[in-house]
Amino acid sequence: MAQSVLDHAQRKGFEPLKYLRKAHNFNTRGAVRVPRTGYRQDGAAVYRKGNEFLIVRSDQYGVEKIVTYGINEE
């Protein structure tokens with residue numbers, strides 16, 4: 001997990017702790033969820049709000065865990 005966070009933060013140009021804070025603080029209220037209910041075939045769901053996105057995957061207890069976070073630059 002730690003290596004994944006470091007890898008994603010580096011690829012997306014964030015400081016690792018800032019990356020974790022931004023991902024954790026992503027407000028899903030008002031975000032568009034794809035798919036609207038359930039999960040994709042890979043077990044993940046995407047939340048989009050403005051140019052930000054958050055990809056989550058449900059764990060064995062049904063709690064959504066963060067897979068990745070990012071900002072789409074247009």
Legend entry - Euclidean distance, F14 CZ relative to K22 NZ, rounded to 0.5 Å: 5.5 Å
Legend entry - For the student: nearest non-hydrogen atoms of G38 and A45, plus distance: O-CB, 4.4 Å
Legend entry - Non-hydrogen side-chain atoms of F53 and V34 separated by less than 4.5 Å: no
Legend entry - Parallel, tilted or perpendicular: rings of Y69 and F26 (30°, 60°): perpendicular
Inset, instruction - Can you see which heavy atom on A23 is nearest to which on L54, and at what distance? - result: O-CD1, 3.9 Å
Legend entry - Contacts of R48 that satisfy salt bridge (Lys or Arg N to Asp or Glu O under 4.0 Å) - sequence neighbours left out: none
Inset, instruction - State, yes or no, whether a side-chain contact exists between Y47 and V56 at a heavy-atom distance under 4.5 Å. - result: yes
Inset, instruction - Scan residues 25-42 for pairs that pass salt bridge (charged side-chain N to carboxylate O under 4.0 Å, His left out), counting only residues two or more places apart or in two chains. - result: R33-E64, R40-D42
Inset, instruction - With the side chain counted from C-beta on, respond yes when Y19 and T68 share a heavy-atom pair under 4.5 Å apart, and no when they do not. - result: yes
Inset, instruction - Look at the side-chain heavy atoms of Ile, Leu, Val, Met, Phe, Trp and Tyr, link any pair under 4.5 Å apart, and say whether L20 and V67 land in one connected group. - result: no
Legend entry - Test item: K49 and N27 side chains (from C-beta on) under 4.5 Å apart, heavy atoms: yes
